[in-house]
Amino acid sequence: MAKGLLEGKHGVVFGVANERSIAWACAKACVEAGATLTFNHMPGAQEKRVKKLLEELPGSGLIPCDVSSDTDISAFFNTLSQEHSKVDFIIHSVAYAEREDLQGKFLNTPRSNYNLALDISAYSLTAIAREAGPLLDNGGSIITMSYLGAERVVPHYNVMGVAKAALEAGARYLAADLGPKGIRVNCISAGPIKTLSSSAIPGLRQMLKASEQTAPLGRNVTQEDVAGAAVFLASELSSAITGEVLHVDGG
């Protein structure tokens, strides 16, 4: 990773679940590039896991925030503003759908579960961008994580594919709204990666095998591949890129 590329910058990372999560790989890469970070956590077991991980990144901040709550998001940035006058980048790696909705037919998704998946996986980006605006006001970068299921039907991805499509569309509209303030908003669409979240998708092993066989690079991508793209989008090297979906999937 390019050391010093993010020197002097402070970022916020939403969505670290454990050491295998894409968000955690992005966080480590950003710190290696010189950034300092603040993380969110949910109450309970996740707080303990994230605190343990942050022992590897001394000086990082940790603030509670449930991204399905506007009150929590507002409180998160109010607390953050007391410690940092400016945020340079935000990494949003948050998604959720009920496990049963990733099986069978999308047609059978209950209304309540549909709303839940879109609220957490897509609307949370809008809510975070709105509250972060004052801290990002002099320019900055917002990065969110998507997947090919936003563009094409992927077996068993179901409502999460619809949520990711909404996420990508939302990112474009946010890019238009925030562009006059110099704030960039982009998506990274990663290839299939084995994480805690993706393990809930039936047939993941077959997806990984098919991806490796068909990708021009002849391999599956890793969390570190995605992290490299995140550092690029957080840095000034991407200063003229916004409203885009960067595919990190081996081609």
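With rounding to the nearest 0.5 Å, the separation of CG in N113 from CZ in R99 is 14.0 Å. Note: T109 OG1 to M160 CE = 11.0 Å, rounded to the nearest 0.5 Å. Taken from CE in M42 to OG in S68, the straight-line distance is 6.0 Å, to the nearest 0.5 Å. Once rounded to the nearest 0.5 Å, the distance linking CG of L62 with OG1 of T79 reads 11.5 Å. Atom CD1 of residue I188 and atom OH of residue Y147 lie 15.5 Å apart, to the nearest 0.5 angstrom. Atom CG of D88 and atom CD1 of I183 lie 11.0 Å apart (nearest 0.5 Å).
Few gaps surround NZ on K86; more than 12 heavy atoms of other groups in view lie less than 6.0 Å from it. Atom OH of Y114 sits in a sparse spot, with 12 or fewer heavy atoms from other residues, nucleotides or ligands closer than 6.0 Å.
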**Q.** Residues E83, H10; criterion side chain to side chain donor-acceptor pair (under 3.5 Å); working and verdict
**A.** CA-CA 11 Å; E83 301 174 5; H10 187 77; over 6 Å; no

Q: Let me see the working for F77 and I63 under side-chain contact (heavy atoms from CB on, under 4.5 Å), right down to the final yes or no.
A: CA-CA 9 Å; F77 283 104; I63 303 173; over 6 Å; no

Q: Begin with the C-alpha distance, continue with both residues' side-chain angles, and end with the deciding distance and a verdict on side chain to side chain donor-acceptor pair (under 3.5 Å) for D225 and T222.
A: CA-CA 5 Å; D225 291 323; T222 65; 3.2 Å; yes

Q | I91 vs C30, side-chain contact (heavy atoms from CB on, under 4.5 Å): CA-CA, chis, key distance, verdict | A | CA-CA 10 Å; I91 295 174; C30 288; 3.9 Å; yes

Q | Full working for side-chain contact (heavy atoms from CB on, under 4.5 Å) between V12 and H84 | A | CA-CA 11 Å; V12 178; H84 298 277; over 6 Å; no

Q. Hey, mind stepping through K51 and H41 against side-chain contact (heavy atoms from CB on, under 4.5 Å) and telling me if it holds?
A. CA-CA 9 Å; K51 279 185 176 179; H41 71 81; 5.6 Å; no

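By the rule that hydrophobic residues join a cluster once side-chain heavy atoms approach within less than 4.5 Å of another member, I90 and W24 end up as members of separate clusters. Both L237 and F89 are part of a single hydrophobic cluster, where members link through side-chain heavy atoms under 4.5 Å apart. I22 and F14 are not part of a single hydrophobic cluster, where members link through side-chain heavy atoms under 4.5 Å apart. Transitive grouping of hydrophobic side chains (ILVMFWY, heavy atoms separated by less than 4.5 Å) keeps F106 and L148 in distinct clusters. Residues I73 and V94 share a hydrophobic cluster, clusters being chains of Ile/Leu/Val/Met/Phe/Trp/Tyr side chains in contact below 4.5 Å.
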Show which side-chain atoms of residues 133-142 pair as donor or acceptor with protein atoms under 3.5 Å away, not counting sequence neighbours.
{"unit_1": "S141", "atom_1": "OG", "unit_2": "L233", "atom_2": "O", "d": "2.7"}

Extract all donor-acceptor atom pairs below 3.5 Å that involve side chains of residues 171-180 and protein atoms in other chains or at least two apart in sequence.
none

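Between the side chain of S21 and the backbone N or O of V16, no donor-acceptor pair lies under 3.5 Å. Side-chain atoms of N40 come within 3.5 Å of backbone atoms of G15 as a donor-acceptor pair (strictly under, hydrogens ignored). In this structure a side-chain-to-backbone donor-acceptor pair under 3.5 Å is present from R49 to A17. Counting only distance, with no hydrogens or angles, the side chain of N186 and the backbone of G243 share a donor-acceptor pair below 3.5 Å. Checked by atom type and distance alone, the side chain of E224 never pairs as donor or acceptor with a backbone atom of A25 at under 3.5 Å. With hydrogens and angles disregarded, a donor-acceptor distance shorter than 3.5 Å links the side chain of K164 to the backbone of M145.
Heavy-atom minimum distance, A190 versus D249: C-CB, 4.5 Å. Residue G250 comes nearest to V221 through the heavy atom pair N-CG1, 3.6 Å, listed as atom of the first residue, atom of the second, then distance. Taking both residues in full, the closest heavy atoms of Y157 and G149 are given as CD2-CA, 3.8 Å, listed atom of the first, atom of the second, then distance. Taking each heavy atom of F39 and F76 in turn, the nearest pair found is O-CE1, 3.8 Å. In terms of heavy atoms, I143 sits closest to A230 at CD1-O, 3.5 Å. Between S235 and F232 the shortest heavy-atom distance is OG-O, 2.8 Å.
E151 places a side-chain heavy atom less than 4.5 Å from the side chain of H247. Using a 4.5 Å heavy-atom cutoff, the side chains of L167 and H92 are in contact.
Just one residue in the list D70, T71, D72, N78 forms a side chain to side chain contact (heavy atoms under 4.5 Å, CB included) with S74, and that residue is N78.
Salt bridge annotation for E236-K9: present, with a cationic side-chain nitrogen under 4.0 angstrom from a carboxylate oxygen.
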